[in-house]
Amino acid sequence: MLRSTEINPRQPVGLQELAALAAVAHSSLGPDKRYKFIQDDTSGESALVCSCFRIFENLELSSAVAQLVHETVQAQQKVYNTGSGCLLFLAGAWSRAALECVHRGISVSRIISGMSDGFDICVDVLRKCSISTDGLGAVKPDSCTTTSHGLGLQVSKEPITEDSRASLHLRGTTSVGHKTLNPSGHRKIKLSRHFCQPDSKNVSTAPQPHQVFNIAHIAEGLSHGCVRAMNLVVEAVKLHQDVSCSTFDVTKVVTCVVPGLPEERACVLPGCIVLLSDEQASVAHHLKDQPLKVALINGDLSHTFRHLGFSRPAGVQHVIEQLALGSDEEEVWMVKVVALLLNLEVNLILVSGLASEKVIQHCCRRRVLVVDKVKASILKAFADATAGVPVTYATQLTKHCVGTGVKVEIRRDLGGGSERKSSTAVNISTGGNSGLFTVILTSCVRGKLQALEDQFWACAYRLHHALKDRAVLPGAGATEMLCVHHLRQRAVTAYSTQESTAGGAADLDRGVVLHLMADGLIDYISTVMVNTGRVSKVRARTVVSQQLQEHDGHVDIAAKLSQLVLEGENEDSDLKSNGMDVYDNVSVKQEAWRKALDLLFLVLQTDAEVITGVDQATGAQENLMML
Amino acid sequence: MSRLVKKSPSLCVDLPLDNTDVCNKLRLLRQLMTSCYGPTGKLKLVHNNIGGHVVTTSTSSVLLAAISSSQPLVNLIKTSVLNHVSRFSDCGLFAACLCLDLIEQAKQSGLRGNVCIGLNRHFLAVCVSYLQREDCCCKVKLDFCSSHNLIALARSVISSKPACLLTEQETLHISKLAVQAFLLTLPCDKPGTVSLGQTVTICVEGHSVLNSAVFPGLLVDVTGVLCVNKSDNLSSHRMLLFSASLAGDIPELGEGIIEVSSGVDTDARILDQLLDLGKQAVEDDVKLFVCQKVIHPVLQHYLRSRGVIVIERLGITLMEPLILLTGAHPVATLHTSLQPKAYGKVRDLSIRQFGSKTLLHLLAHGESAICTMVLCHRNETMLSELKLVCQKTEHVLRLTLREPYALFGGGCTETHLAAYVRHKCTDRVTESAAVLGCSESEYLLGMDRFCSSLESVAKSLEHNGGNSLIDLTHAHNWTVHADVMNRCVEGSLGFCGCGLVEGGSSKKWTYLNTKYAEFSPAALTTDSPVQPRVLDSFTAKLNALQVAVETANLALDVRYIIKDVLDLARF
């Protein structure tokens with residue numbers, strides 16, 4: 001039999017598998033991300049990855065649970081672009097909690113109802129401790145002088161800030177010197193000169209220092225260790241400034257990766273920057289500094305391209321009645337298109353699909369610049385800004401489809417000439433009103449570019465969501481600590497009602513579930529602390545439990561903790577007062593936790609796997625039950 | 001060079017139910033089915049051995065469709081359950097569990113095959129005639145003046161699928177929506193033959209279930225192609241619907257061949273024809289231009305530039321509801337000019353936003369029984385199960401129009417039926433046994449087996465190690481949690497499975513599948529204000545009962561299985 005089915009009974013196996021898969025996420029938590037190599041043994045290819053979803057993207061997943069995990073992580077990534085590490089870690093931590101419950105004989109339905117209650121408690125905590133982004137900077141006018149971004153308000157104090165930052169930095173590095181065994185202490189160097197640069201530049205130019213401060217402050221708190229990437233985001237928002245910084249439209253951002261330049265060269269520029277070949281660059285050179293007419297093509301630019309859904313029937317024969325010499329179809333099409341373009345005085349064509357090499361060359365000869373692989377959202381932004389109408393076929397172009405007022409500028413400073421093929425960076429802009437901007441990401445190491453791009457987008461989306469939610473959460477584990485506190489409190493209540501015999505065993509079980517759920521969050525906090533590299537796992541756990549005991553769930557727990565996580569065991573009191581605020585996203589966190597629980601619930605309720613298409617021989621080998 | 005392969009002799013299995021391999025497979029199937037049964041049932045991950053998408057489900061229609069077996073008996077049961085589900089949507093797992101349990105019980109009882117079959121048929125007839133009686137004590141008449149029982153029925157179907165991962169509140173919300181959608185598909189005051197409308201389901205991933213909603217009329221996904229000018233607020237818009245592709249290609253030729261002269265540009269010719277159509281549509285004041293398939297971008301561009309709303313790739317599933325809603329006649333060719341009667345009408349066009357989806361809301365010009373259900377859920381797996389469950393619920397609700405009854409859910413109907421059969425048949429053992437041609441002890445044994453099969457199905461609703469009980473007054477089904485001690489069982493019983501009977505000191509209970517003295521299950525006092533919380537579809541369950549017994553009887557009747565085998569050693 002070729003197609004058959006077997007059933008693989010696997011009650012706790014699924015949970016164990018989930019916990020094991022989640023272990024992948026351990027090192028991607030916290031501000032210090034570490035790279036991983038994923039190597040394919042058969043092909044010898046390898047990938048350098050830095051985030052949870054990239055790991056799963058590069059793994060070959062054959063098991064059902066792994067596939068479920070992958071789908072969940074993808075769904076989170078698709079909408080939020082961040083938070084998949086947190087999702088996966090908690091799915092793992094809570095599945096260990098569920099496993100423990102199963103071992104203690106708590107029924108599945110009670111685990112689920114207990115954990116759902118726990119989640120409701122957490123959501124309540126998230127709602128209560130979220131901080132409105134409106135006036136977030138204004139709330140702490142005192143602390144702003146000591147935080148690195150408190151520059152916008154009081155220019156006079158800036159040198160002091162720089163000083164304290166520098167000394168802090170020094171102290172940071174010396175302490176690293178003491179602990180040579182610690183592998184990631186050097187990460188702190190990130191908070192250096194570069195961090196402050198864009199802001200000091202801004203002090204002189206920004207018309208609304210308060211708002212600038214506000215965004216920068218939030219952004220800094222949301223950077224989660226990707227300071228460089230977040231600085232680029234902040235720069236981008238500033239370029240966007242006329243939109244009153246209450247929102248951040250990520251669809252108008254383009255990233256352009258330039259290999260071969262040092263990472264310090266990363267920057268944000270208004271307009272849309274693309275890398276072009278020499279031939280195209282020479283056309284751009286001719287066109288620079290003059291208003292251009294633009295055609296927008298939604299699809300490929302080639303004579304063979306047909307819109308999606310167009311099918312060519314097989315049974316058509318072309319009958320040639322007379323020998324027409326040189327009537328190459330492509331040639332005919334090209335002549336027609338070029339004539340049309342010249343007639344409409346189009347100088348620039350933006351293509352969302354691909355443009356064939358031949359078309360590009362043909363157009364180059366007529367001094368028409370063709371740029372392909374333009375993102376759909378960018379094409380739309382150009383359409384809005386230039387009053388052009390995107391069309392599917394070049395032959396469709398008419399006068400009113402053509403947009404006007406585009407400028408082309410050559411950026412010599414960004415050309416990446418290190419590779420075999422040299423390329424020139426060209427900025428296509430629309431006189432400043434399109435709101436488009438390009439983030440140039442550079443690295444000497446080509447393999448890092450992907451991770452840098454991912455980090456940038458993660459930061460961009462974090463800020464985007466914070467502004468969309470109009471609220472952030474106290475970060476660095478503070479929110480989780482509050483959740484732990486409330487979960488434990490509720491667990492104690494459950495125990496006591498159990499003793500008063502009103503609830504019976506159900507309340508006891510509920511208490512256990514809530515307690516174990518809280519333990520999962522403690523695991524999360526302590527892993528983040530361990531990953532920042534300053535404490536051991538044991539120490540982290542003790543510190544967390546000490547804090548929990550000392551404070552009976554007041555807001556200062558949040559303040560203490562954010563420093564705790566940041567500063568680790570550094571006892572320097574100066575440093576504590578200098579501790580910057582760390583924030584998390586409300587919706588991202590809540591959704592990641594919910595997805596983690598959903599995943600866990602599905603796996604927890606599963607008792608068998610039905611595999612189709614297995615032949616009997618392999619089925620027997622793997623001890624599967626055949627139906 | 002061809003080679004003649006001698007056909008190997010067919011393989012014949014005598015008395016397949018005595019074969020251990022066959023029995024193991026049937027037992028496995030039974031485990032698979034019973035473990036899925038009910039609101040706390042276990043889920044199954046269905047996937048291909050190569051990898052790819054995973055389906056998480058406990059629904060019989062998905063699960064059985066995925067299963068294929070080398071064992072004809074397994075396939076026989078699978079097919080008959082799937083047939084039942086395709087006609088009645090609900091109670092597939094019930095049929096499968098009961099059928100497999102009957103087979104197993106029959107084998108264990110040691111009764112002769114034909115005696116067993118005869119007895120099963122007899123007890124089935126007793127059950128069916130009882131269920132159809134007016135004074136049957138385990139069914140309620142549905143009152144269409146109140147939505148209470150309809151919602152309870154919908155809720156029972158929806159909550160029986162744990163893979164949807166719904167909270168109490170969400171379950172109730174979806175149940176109300178399902179009933180609302182059902183009511184919207186009932187045409188009002190239409191003389192003549194009444195035909196029911198349709199519910200169209202649209203799924204939106206990544207949103208809370210509580211955002212789900214039902215709308216009268218039709219919602220069409222127009223994400224990304226939206227350009228509606230809100231300016232013209234005419235009371236009715238003329239619309240045009242194409243079922244033919246307007247992609248501008250040459251339609252399917254079949255076997256034929258078209259010869260084209262080299263100078264002729266067929267694509268351009270067809271496009272000209274399309275544009276002529278477009279021109280006529282614009283002249284005839286069409287405001288909404290819909291095509292089931294692809295529309296050539298040039299035509300779309302032309303129409304949009306003239307203020308027409310264009311929707312392409314509508315898909316076959318939305319065609320019928322759209323035709324019903326608008327009264328349009330779909331145009332199947334682009335080679336004739338447009339006939340005036342082809343045009344349809346819509347009242348009011350508006351845009352609704354659901355997460356990332358932009359939906360165009362079309363309302364019927366006149367009376368129509370089309371509605372749209374927008375289902376939201378947090379992830380794809382749960383959403384696909386939810387969609388399935390909602391469609392099932394719609395079907396179950398429709399079945400109530402034919403027979404306006406519902407049965408007590410939560411296992412109460414099963415235990416009640418078992419008690420009824422025991423009571424009814426013990427009275428007349430001698431004459432019944434004589435009619436069936438078996439001995440009295442055989443009759444009693446068969447009755448016991450049949451009833452305990454029913455009780456096992458009720459029992460398999462419990463998956464958390466709890467115990468199932470039956471009360472000795474109304475014969476309803478009760479569950480106690482595993483950690484409740486034996487002595488305090490009576491104190492910890494709240495309500496029975498269907499929620500109609502409340503526990504109390506006056507009642508007596510016994511564990512299910514233990515012997516109890518037969519009694520006549522009492523009806524509940526009719527003036528009781530308590531309404532059952534869990535209801536099962538009467539029509540679906542009645543049919544499932546018949547399917548289960550008939551299939552089990554057929555399986556018990558199989559004497560030989562004859563298989564053609566490929567002799568693998570030869571290759």
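Numbered from 1 within each chain, the chains take letters A, B, ... in sequence-line order.
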Reported OG-to-CZ distance for the pair B/S208 and A/R594, which is rounded to 0.5 angstrom: 6.5 Å
Check: B/H301 and A/V389 side chains under 4.5 Å, non-hydrogen atoms: yes
Note, A/T392 side chain near B/V298 side chain (heavy atom, < 4.5 Å): no
For B/H296, ring pair (Phe, Tyr, Trp, His ring centres under 6.0 Å) partners two or more places apart: A/H307, A/Y393
Residue part contacting chain A, namely of B/H463, when any heavy atom lies under 4.5 Å: neither
Nearest-0.5 Å distance, CZ of residue B/R378 to OG1 of residue A/T72: 11.5 Å
Toward chain B, the part of A/H70 with a non-hydrogen atom under 4.5 Å: neither
Closest contact, heavy atoms only, A/S107 versus B/N464: CB-CB, 3.5 Å
Euclidean distance, B/L45 CG relative to A/T606 OG1, rounded to 0.5 Å: 4.0 Å
Segment of B/L271 engaging chain A (4.5 angstrom heavy-atom cut-off): neither
Per-residue contact mode, B/V74 against chain A (heavy atom under 4.5 angstrom): side chain
Residue A/S109 versus chain B: region with a heavy atom under 4.5 Å: both
Interface moiety of B/V54 toward chain A, non-hydrogen atoms closer than 4.5 Å: both
Qualifying residues under salt bridge (Lys or Arg N to Asp or Glu O under 4.0 Å), relative to A/E591, sequence neighbours excluded: A/K595
Chain B contact via A/A64 - which portion, at a heavy-atom distance below 4.5 Å: both
Test salt bridge (charged side-chain N to carboxylate O under 4.0 Å, His left out) applied to A/R306 and B/D267, step by step: CA-CA 10 Å; A/R306 292 289 180 277; B/D267 293 355; 3.0 Å; yes
Chain A contact via B/E205 - which portion, at a heavy-atom distance below 4.5 Å: side chain
Contact residues of residues 160-167 of chain B (partner chain A; heavy-atom separation under 4.5 angstrom): B/P162, B/A163, B/L165
Distance in Å, A/T612 OG1 paired with B/N48 CG, rounded so as to fall on 0.5 Å steps: 4.0 Å
Spatial distance of atom NE2 (A/H400) from atom OG (B/S305) [nearest 0.5 Å]: 5.5 Å
Over 12 foreign heavy atoms within 6.0 Å of NZ, A/K375: yes
Non-neighbouring partners of A/R127 that pass salt bridge (Lys or Arg N to Asp or Glu O under 4.0 Å), sequence neighbours left out: A/D124
Heavy-atom side-chain contact between B/T381 and A/E71 under 4.5 Å: yes
Side-chain ion pair, A/D607 and B/K44, N-O less than 4.0 Å: yes
Validation row: B/H47, A/Q67 side chains within 4.5 angstrom (heavy atoms): no
Between B/K25, B/Q71, B/Q31, B/E380, the one whose heavy-atom pairs under 4.5 Å with chain A are most numerous: B/K25
Option in A/L602, A/V391, A/L68, A/D598 with maximal non-hydrogen atom pairs under 4.5 Å from chain B: A/D598
Residue A/L308 versus chain B: region with a heavy atom under 4.5 Å: both
Atom CD of B/E168 with >12 non-hydrogen neighbours under 6.0 angstrom: no
Separation between CG of B/N379 and CD of A/Q74, rounded to the nearest 0.5 Å: 12.5 Å
